[in-house]
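Because the structure is a prediction, the values reported are computed rather than measured.
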Amino acid sequence: MLKLRLLNAVAPAYFIMATAVTFILHFCFFIPTIFPNPDTSLKGSTTLHTAVFLFLMFNALGNYIMTIKYPAESANETAVPVCSPHCSDKVDAHYLLNGRHFCKLCKKVILKRDHHCFFTGNCIGNKNMRYFIMFCIYTSCTCLYSLVLGVAFLTVEYSISFENPLTFLTLLPLSTGYFFMGTISGLQLFVVLMLYVWLGIGLVCAGFCCQQVLLVARGQTWCQMQRGQLVENHSPWRTNLKDVFGTRWILGLILPVQTVEICADDTDAYKQD
């Protein structure tokens, strides 16, 4: 449990730091190097790349804040339940009844608990699932877009050709060796490291987002899937998605705003054991 609490504090700091580094690299190195002293023909490209990056970053951070602002919890229960010694659930939470879990990290009873997100420091459930999914989508897009710009930066600044697919696979070990031999600068090695960080985060977030959308469409949560609990959901997938994304889901795709209202009696709407 101590390791989980430590991770709950370190992960948000890591996300904020990675966001700040990405922002600095984009505006201080990538754009000035790829588009140096842009004339009339290149000014439009510079503006377009800047606008796309700011749009992706704004939505990623906006949905990150909304995920924290609207924590998933059961408002009708404030008592801390005692975990049975025969509890078979994971160490961070245990199953109660009727689709409720008690999270030992959040110290709250969570309705429709999906999982505990260490990057946001709270549980994902009935109120913030939509914001979490959009956060994953835009984080993935921001990382993969930064990866493309980072490759372009290395191509322009250091004349590295990526025509051969093996170039990217061998880039990190070769750059590390050249750095310790004093052949390349620390900035070049740092950008190379960030390329792999963006690639890893982007692919993980994309895969995790696809899994979450599939679970939502099936009316199931990650906790239920881990417990091997089959959900007898008679609602069509469109209704399940509407319950999470709301009727104004198109607006939620482009802006981090609230698109679905959580009713006060939502705790009674999820009766599954």
How many angstroms lie between [atom1] in [X] and [atom2] in [Y], if you round to the nearest 0.5 Å?
| X | Y | atom1 | atom2 | value |
| --- | --- | --- | --- | --- |
| Ile137 | Cys209 | CD1 | SG | 3.5 Å |
| Leu171 | Leu166 | CG | CG | 12.0 Å |
| Lys69 | Gln258 | NZ | CD | 8.0 Å |
| Gln211 | Leu214 | CD | CG | 8.0 Å |
| Lys112 | Gln220 | NZ | CD | 13.5 Å |
| Lys127 | Met66 | NZ | CE | 12.5 Å |

Do the side chains of [X] and [Y] join up, straight or via other hydrophobic residues, at under 4.5 Å, putting them in one cluster?
| X | Y | answer |
| --- | --- | --- |
| Leu253 | Leu255 | yes |
| Leu169 | Tyr196 | no |
| Val148 | Leu199 | no |
| Met17 | Val10 | no |
| Met129 | Ile65 | no |

Result of checking Tyr131, Phe119, Phe208 against Cys136 for side chain to side chain contact (heavy atoms under 4.5 Å, CB included):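 When side chain to side chain contact (heavy atoms under 4.5 Å, CB included) is applied between Cys136 and each of Tyr131, Phe119, Phe208, only Phe208 qualifies.
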Contacts satisfying ring pair (Phe, Tyr, Trp, His ring centres under 6.0 Å) that involve residues 2-23 (not counting sequence neighbours) are Phe15-Tyr64, Phe15-Phe135, Phe23-Phe27
I want to check something: taking the side chain as every heavy atom from C-beta on, are [X] and [Y] in contact at a cut-off of under 4.5 Å?
| X | Y | result |
| --- | --- | --- |
| Asn63 | Arg130 | yes |
| Cys223 | His101 | yes |
| Asn128 | Asn122 | yes |
| Leu195 | Leu154 | yes |
| Phe168 | Leu147 | yes |
| Thr167 | Ser161 | no |
| Val21 | Phe190 | yes |
| Ile31 | His26 | yes |

Qualifying residues under side chain to side chain contact (heavy atoms under 4.5 Å, CB included), relative to Cys143, sequence neighbours excluded: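 Cys143: side chain to side chain contact (heavy atoms under 4.5 Å, CB included) contacts with Thr139, Trp198, Ile201.
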What I want to check is whether the side chains of Tyr178 and Gln188 have a donor and an acceptor closer together than 3.5 Å. no
How close do [X] and [Y] get, heavy atom to heavy atom, and via which atoms?
| X | Y | result |
| --- | --- | --- |
| Asn240 | Ala217 | ND2-O, 2.8 Å |
| Val216 | Leu241 | CG1-CD2, 3.8 Å |
| Met134 | Phe245 | SD-CE2, 4.3 Å |
| Ser146 | Thr22 | OG-CG2, 3.4 Å |
| Thr33 | Phe29 | OG1-O, 2.7 Å |
| Phe35 | Ser45 | CE2-CB, 3.8 Å |

Derivation and outcome, side chain to side chain contact (heavy atoms under 4.5 Å, CB included), residues Tyr158 and Leu187: CA-CA 11 Å; Tyr158 300 103; Leu187 174 62; 4.0 Å; yes
Before you tell me yes or no, could you show the steps for Leu215 and Thr221 under side chain to side chain contact (heavy atoms under 4.5 Å, CB included), namely the whole-Å CA-CA distance, both residues' side-chain angles and the distance that decides it to 0.1 Å? CA-CA 6 Å; Leu215 290 175; Thr221 64; over 6 Å; no
Taking the ring centre of each residue, are Tyr138 and Phe55 less than 6.0 Å apart?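 Ring centres of Phe55 and Tyr138 closer than 6.0 Å.
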Measure from the ring center of Phe30 to the ring center of His49 and say whether it is less than 6.0 Å.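 No - the distance between ring centres of Phe30 and His49 does not fall below the 6.0 Å cut-off.
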